[in-house]
Asker: 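Pasting a structure here, questions to come.
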Amino acid sequence: MLVHIGGEVVLRSREIIGVFDLQTVGDAPITKEFVDLARTEATIVDLSDGNAKSLVLTTDKVYLSTVSITTIRKRATVNPGTDDHE
């Protein structure tokens, strides 16, 4: 299944390890440290222009998205348990 996470980025659902709500965990020191490390290693893709609502962790990149975790979750579970759309 493909999941649109904002901008022009579409990911395979099996690539997504986790989606985190930055309203909840964005101010946590460990989150800031993780994002800083991802920026240092150039694995972060900022789709938000500084207005990120969610952090999408994949097997090889970290995305900052303006799309909420609720919307990403809905997009990822249109047909839960199937990979018919790949």
Side-chain angles (χ1 to χ4, degrees):
M1 174 182 296
L2 300 175
V3 181
H4 178 242
I5 63 164
E8 296 182 10
V9 177
V10 177
L11 302 171
R12 292 185 183 275
S13 59
R14 64 180 169 213
E15 293 178 78
I16 299 173
I17 296 170
V19 182
F20 303 92
D21 183 354
L22 289 178
Q23 301 288 325
T24 304
V25 299
D27 291 332
I30 191 73
T31 303
K32 290 180 180 180
E33 182 179 336
F34 179 77
V35 170
D36 288 344
L37 180 62
R39 286 186 202 281
T40 302
E41 294 180 352
T43 58
I44 199 159
V45 179
D46 191 347
L47 306 170
S48 71
D49 289 329
N51 297 312
K53 291 182 180 175
S54 61
L55 183 151
V56 181
L57 178 63
T58 69
T59 54
D60 62 344
K61 293 192 185 291
V62 176
Y63 295 89
L64 298 177
S65 173
T66 57
V67 179
S68 74
I69 186 172
T70 303
T71 300
I72 293 173
R73 184 180 304 146
K74 285 179 185 176
R75 291 175 181 174
T77 58
V78 170
N79 293 312
T82 67
D83 282 337
D84 293 342
H85 299 291
E86 291 189 52

Asker: Out of curiosity, Glu33 CD to Ile30 CD1, how far, rounded to the nearest 0.5 Å?
Answerer: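 Here the rounded value is 4.5 Å.
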
Asker: Quick one: list whatever passes side-chain hydrogen bond (donor to acceptor under 3.5 Å, both in side chains) with Asn51, sequence neighbours left out.
Answerer: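 side-chain hydrogen bond (donor to acceptor under 3.5 Å, both in side chains) list for Asn51, sorted by chain: empty.
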
Asker: To the nearest 0.5 Å, what is the distance between NZ (Lys53) and OG1 (Thr66)?
Answerer: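 Lys53 NZ to Thr66 OG1: 7.0 Å, rounded to 0.5 Å.
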
Asker: Any chance you could measure Arg14, atom CZ, to Leu2, atom CG, to the nearest 0.5 Å?
Answerer: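 Atom-to-atom, Arg14:CZ and Leu2:CG are 9.5 Å apart.
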
Asker: If you group Ile, Leu, Val, Met, Phe, Trp and Tyr whenever their side-chain heavy atoms sit less than 4.5 Å apart, what else falls in with Val9?
Answerer: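 Val9 shares its hydrophobic cluster with Val3, Ile5, Leu11, Ile16, Val19, Val45, Leu47, Val56, Tyr63, Val67, Ile69, Ile72.
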
Asker: Which heavy atom in Arg75 sits nearest to a heavy atom in Met1, and how many Å separate them?
Answerer: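 Nearest pair, atom of Arg75 first, then Met1: O-SD, 3.6 Å.
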
Asker: Distance from Leu22 atom CG to Ser48 atom OG, nearest 0.5 Å?
Answerer: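 Here the interatomic distance stands at 8.5 Å.
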
Asker: Once rounded to the nearest 0.5 Å, what's the spacing between atom NE2 of His4 and atom OG1 of Thr71?
Answerer: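 Rounded to the nearest 0.5 Å, the NE2-OG1 separation comes to 11.5 Å.
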
Asker: Would the number of heavy atoms belonging to other residues, nucleotides or ligands and lying under 6.0 Å from CG of Asp60 be above 12?
Answerer: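 Above 12, so yes.
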
Asker: Let me confirm one number: the OG-NZ distance from Ser68 to Lys74, rounded to the nearest 0.5 Å.
Answerer: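 It is 7.5 Å, given to the nearest 0.5 Å.
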
Asker: Using side chain to side chain contact (heavy atoms under 4.5 Å, CB included) as the criterion, list what pairs up with Glu41, not counting sequence neighbours.
Answerer: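 Checked Glu41 against side chain to side chain contact (heavy atoms under 4.5 Å, CB included); matches are Leu37, Thr43.
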
Asker: State whether the side chain of Thr31 and the backbone N or O of Asp27 hold a donor-acceptor pair below 3.5 Å, judged by distance alone.
Answerer: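 No, because the side chain of Thr31 does not come within donor-acceptor range (under 3.5 Å) of the backbone of Asp27.
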
